[in-house]
Amino acid sequence: MPYLGSEDVVKELKKALCNPHIQADRLRYRNVIQRVIRMSKLDQWGQAEVLNFLLRYQPRSEEELFDILNLLDSFLKSGSPGVVMGATKLFLILAKKFPHVQTDVLVRVKGPLLAACSSESRELCFVALCHVRQILHSLPGHFSSHYKKFFCSYSEPHYIKLQKVEVLCELVNDENVQQVLEELRGYCTDVSADFAQAAIFAIGGIARTYTDQCVQILTELLGLRQEHITTVVVQTFRDLVWLCPQCTEAVCQALPGCEENIQDSEGKQALIWLLGVHGERIPNAPYVLEDFVENVKSETFPAVKMELLTALMRLFLSRPAECQDMLGRLLYYCIEEEKDMAVRDRGLFYYRLLLVGIDEVKRILCSPKSDPTLGLLEDPAERPVNSWASDFNTLVPVYGKSRWATISKCQGAERCGPELPKTPSFTASGPLIPEENKERVQELPDSGALMLVPNLQLTADYFEKTWLSLKVAHQQVLPWQGEFHPDTLQMALQVVNIQTIAMSRAGARPWKAYLSAQDDTGCLFLTELLLTSENSEMQISVKQNETRTETLNSFISVLETVIGTIEEIKS
Amino acid sequence: MISQFFILSSKGDPLIYKDFRGDSGGRDVAELFYRKLTGLPGDESPVVMHHEGRHFIHIRHSGLYLVVTTSENVSPFGLLELLSRLATLLGDYCGALGEGTISRNVAVVYELLDEVLDYGYVQTTSMEMLRNFIQTEAVVSKPFSLFDLSSVGLFGAETQQSKVAPSSAASRPILSSRSDQSQKNEVFLDVVERLSVLIASNGSLLKVDVQGEIRLKSFLPSGSEMRIGLTEEFCVGKSELRGYGPGIRVDEVSFHSSVNLDEFESHRIIRLQPPQGELTVMRYQLSDDLLSPLPFRLFPSVQWDRGSGRLQVYLKLRCDLPLKSLSQELSSPEQKAELAEGALRWDLPRVQGGSQLSGLFQMDVPRPPGPPSHGLSTSAPPLGLGPASLSFELPRHTCSGLQVRFLRLAFRPCGNANPHKWVRHLSHSDAYVIRI
């Protein structure tokens, strides 16, 4: 139990926490919530824990919600980043039906987040940047006026610079695009090749909205004739012409000359693709491809060879005279001498296609040259805050969604390994019901109509949710006398495959219990038992998720019998 | 909640290891962490790593790695805060945080960890509460002496040095109340500002950012009330205006939770009752609106002869700080310049306010591959001539202009001599970059 202050405070919290099904006992918990929030002497660790506990609470009314928000307001201004972020997460989750409140909270947390992003501690800086990116998914303009804080500093470690570049890419708007692009352009000539490439990709990202300026910058970068820059620029161009066909002209004019500076596989593939698809606009396209064909024997990457085949076929369709000869040579090489079977197969396919006829070739190879709609699909639409609110202030934004998914899959597999059935603890301590009564109780399920599934593993949350969404199907009052031990009842119910979700402790008034059962057709029965302070009757309310009267009646008779048995035992 | 906590030296040797819950493997996890850390690809962040159901979160502090492992999806902000708080506490107890001090004080460290964390949950990190439980004394490497000056003043002359506490004065351990209170009661107040500046190649100021902190290290008995008075014209936010003239302005301010701000609005006085040890009283940020001029301006001019590969860089550094007279005649500072790791490094030990220094550097740059230049030698700098980055420390100067007017102690600790109060203002560069 974390340190939360004095004895009384701890007692109050324990009371609340020992009831894991908060919604089941609203009245009692509500008072405790109010007291917990008003605790004054907590240090930052206690406050963070309190905020964490409160995540499980759902306020009943709007009034109560705003009441809680007002009480916790001071936590948002705390000096401790853990408390501020915990409060932010709680507010975002509590106010999930009020988007304007969520936006307001995010505005208030801007200051602390930005301070954390410029913190001396690199680790805090990194974690804050991950959260900033998370927020930008929903509110892209949120940090636009503070773009200067995300300029990279010379001495920062690589992983922070990469995050900052991503953030810059995402917060671009009309007012700051000029400065941001200038800054990114500076990074493109950085000493570190990785960082320069990341900056170029970022410019490519911005180019989808601000195409002209970005294409101009990228063209200038080509003029530097640096290998690591040129290859990435050409790849960016390839992606860009697909999404923004309006820049094709500019790209085609920029391309001549860059073939001399590309040595890696990705860059070559991108260049060859561009030459193939848009070759008619590039004057020296056939000659560049000819160079590649001459050197195909020494080409190490099969992907490049395959791309070359396709590109040359396309160019042949638009400029047959120039390409005919080298196409022939290339096909000959690929079919006769090439060792990689994938390349050979493709060469063979194209050869046979050519034999069929030029019209067929045109039909198959002349694909659309661009698809701007793909940009709309790819660009993640603004996600509502509620989709990531529960991940805020956890490790999920730090890892990134995709990596977190892999991690949780691995963890899930590990944990499911040893599958221990959840047996109630008291079975180990000896039978509480004498043997002969157990037999009597056991007779019932065989009465034909109802077969209850044993070992039903229903989680509390699911029970709660389902309980709240259903209407009461049946209500009944049974006479009741005196005291009994809840454990006895629980065990008896277990025998007939009725699972106890929650049960008040013995002697509590009003005494409540929540039970669940499922029959073999999947129909769920949720039951509430209530023993009032008069102690003379037990009220049973049953909810069923599918309306089936016979099964309902059978279930009720089972329940009645069990309760009747307990009644007899204790008396 | 935390499963394990360990401290590694900068080379990966485990110094401290503690397992709180016994559910996540044994000591070899420290070695596993170090191997994973060093083997990480460049673009992945080492701050949070994952291995077989365990998350490793660490910070680097004074060359040591402080690492926690957890198997739950916990708040990263909370954990990082805990780690920095632990680092501060260990520093308070052992004097300064370092490999040597930790190895000498292993008993204290384990005792501290026992009290701070129970079964992986944080109990308390407040010095107040911990003092009552920690029994072991810290071991110091050599007895502390106020006469341990870093440089000796001229014989007989009343130099400024004797009125300045040496920089090691604050780095002695907090002693428990049981020991002999022969050490002086002292309190150190530092106003430290980090300056981040970015200047474009045409001289225009792209970004200026000041992050400031007022840090307190108190050796006084806890409970002594203290009042810190700041400059009265100090305004927070863009709309406030106090006093006459432009005043001193910051964008945002945040205080430690134990600070009493009753008199802050009216007289800019902060009241608090600090526990022994280190405490950050106030944090503030200021960007883009610096009223005082930038401390340094650099005027570079580069000439590059592509044909011969000779690069000439002429740097003129101007210091725009107001001239502060020193009562002591300084010997001429030794400057040196060296070329190492692809960077030119120019060391200037001391620069006086208002002065101007220049240096001409000649380097031979190997010719980059490519077509030969067409006759004309370009004067544009070659690709990869990175920005000039300055790193400096400005004593007795704050970029924002914020000053501590007074530091008064309300409660006189009985029996001891007048406590010493040391107030220091300092600015240093965080990232002062001038593009060429």
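In the text below, chain A, chain B and the rest are named by the order of the sequence lines, each starting its count at 1. All heavy atoms count here, side chains included; hydrogens, waters and symmetry mates do not. All figures in this text were calculated on a predicted structure; none of them were measured in a lab.
Your options are E252(B), Q285(B), K207(B), H50(B), and the one with the most heavy-atom pairs under 4.5 Å with chain A is H50(B). Across E120(A), Q179(A), K77(A), H158(A), the residue that shares the most heavy-atom pairs under 4.5 angstrom with chain B is E120(A). Put simply, of S201(B), P76(B), G78(B), S389(B), the one with the most heavy-atom pairs under 4.5 Å next to chain A is P76(B). Put simply, of S80(A), G186(A), P157(A), the one with the most heavy-atom pairs under 4.5 Å next to chain B is S80(A). Heavy-atom pairs under 4.5 Å with chain A were tallied for P46(B), G120(B), A431(B); the largest tally goes to P46(B). Taking Q211(B), E213(B), H55(B) one by one and counting their heavy-atom pairs under 4.5 Å with chain A, the maximum is reached by H55(B).
By a heavy-atom distance cut of under 4.5 Å, L80(B), E81(B), L82(B), R85(B) are the residues of residues 80-87 of chain B near chain A, going up by number. Within residues 108-115 of chain A, the residues having any heavy atom less than 4.5 Å from a heavy atom of chain B are, in residue-number order, G111(A), L113(A), A115(A).
Put simply, the side chain of Y147(A) does not reach to within 4.5 Å of the side chain of F143(A), judged on heavy atoms.
Looking at E259(A), its side chain does come within 3.5 Å of a backbone N or O of G257(A) through a donor-acceptor pair. Checked by atom type and distance alone, the side chain of K148(A) never pairs as donor or acceptor with a backbone atom of D209(B) at under 3.5 Å. Formation of a donor-acceptor pair under 3.5 Å by the T230(A) side chain with backbone atoms of R225(A) is not found in this model. Looking only at distances, a side-chain donor or acceptor of S429(B) sits under 3.5 Å from a matching main-chain atom of F392(B). For D190(B) (side chain) and V192(B) (main-chain N/O), no donor-acceptor pair under 3.5 Å exists by modelled atom type. Checked by atom type and distance alone, the side chain of S62(B) never pairs as donor or acceptor with a backbone atom of L64(B) at under 3.5 Å.
A cation-pi geometry, defined here as NZ or CZ lying under 6.0 Å from the six-membered ring centre and within 45° of its normal, does not hold between K164(A) and F150(A). Both the sub-6.0 Å distance and the 45° axial angle are not jointly satisfied by R283(B) relative to the ring of F255(B).
Of the atoms belonging to F151(A), heavy atoms from both backbone and side chain fall under 4.5 Å from chain B. Within the 4.5 angstrom heavy-atom criterion, no atom of E260(A) approaches chain B. Heavy atoms of V396(A) lying under 4.5 Å from chain B belong to its backbone as well as its side chain. Looking at V433(B), only its side chain comes within 4.5 Å of chain A, counting heavy atoms on both sides. For L162(A), the part sitting under 4.5 Å from any heavy atom of chain B is the side chain, from C-beta outward, and nothing else. Using a 4.5 Å cut-off between heavy atoms, M1(B) makes no contact with chain A at all. Both the backbone and the side chain of R60(B) come within contact range of chain A, judged by heavy atoms closer than 4.5 Å. For S287(B), the part lying under 4.5 angstrom from a heavy atom of chain A is the side chain only. With a 4.5 angstrom heavy-atom cutoff, H256(B) does not touch chain A via any of its atoms. The contact between S118(A) and chain B is made by backbone and side chain atoms together, counting heavy-atom distances below 4.5 Å. Of the two parts of S119(A), only the backbone, made up of N, CA, C and O, holds a non-hydrogen atom closer than 4.5 Å to a non-hydrogen atom of chain B. When heavy atoms are compared at a cutoff of 4.5 Å, L206(B) approaches chain A by way of both its backbone and its side chain. With a threshold of 4.5 angstrom between heavy atoms, F195(A) does not approach chain B through any atom at all. Within the 4.5 angstrom heavy-atom criterion, atoms from both the backbone and the side chain of N393(A) approach chain B. For S254(B), no part lies near chain A; criterion is any non-hydrogen pair under 4.5 Å.
For E72(B) and R54(B), the salt-bridge test fails: no basic side-chain N is under 4.0 Å from an acidic carboxylate O. Ion pair K401(A)/D391(A) flagged as a salt bridge, since at least one NZ, NE, NH1 or NH2 atom sits closer than 4.0 Å to an Asp/Glu carboxylate oxygen. The pair E278(B)-R215(B) fails the salt-bridge criterion, with no side-chain N (NZ, NE, NH1 or NH2) lying under 4.0 Å from an Asp/Glu carboxylate O. A salt bridge is absent between E156(A) and R122(A): the closest approach of a Lys/Arg side-chain nitrogen to an acidic carboxylate oxygen does not fall below 4.0 angstrom.
Counting only N and O atoms by type, the side chains of W45(A) and T125(B) include a donor and acceptor under 3.5 Å apart. Neither side chain, D194(A) nor S192(A), offers a donor N or O lying under 3.5 Å from an acceptor on the other. Under the 3.5 Å distance criterion, with hydrogens and angles disregarded, a donor-acceptor pair is assigned to the side chains of Y284(B) and E193(B). Defined by atom type and a distance below 3.5 Å, a donor-acceptor pair is present between the side-chain atoms of E183(A) and Y187(A).
Interatomic distance, CG of L54(A) versus CZ of F75(A), reported as 8.5 Å (0.5 Å rounding). To the nearest 0.5 Å, atoms CE (M282(B)) and CD1 (I270(B)) are separated by 5.5 Å.
Using cut-offs of 30° and 60° for the angle between ring planes, the H131(A) and F77(B) rings count as tilted.
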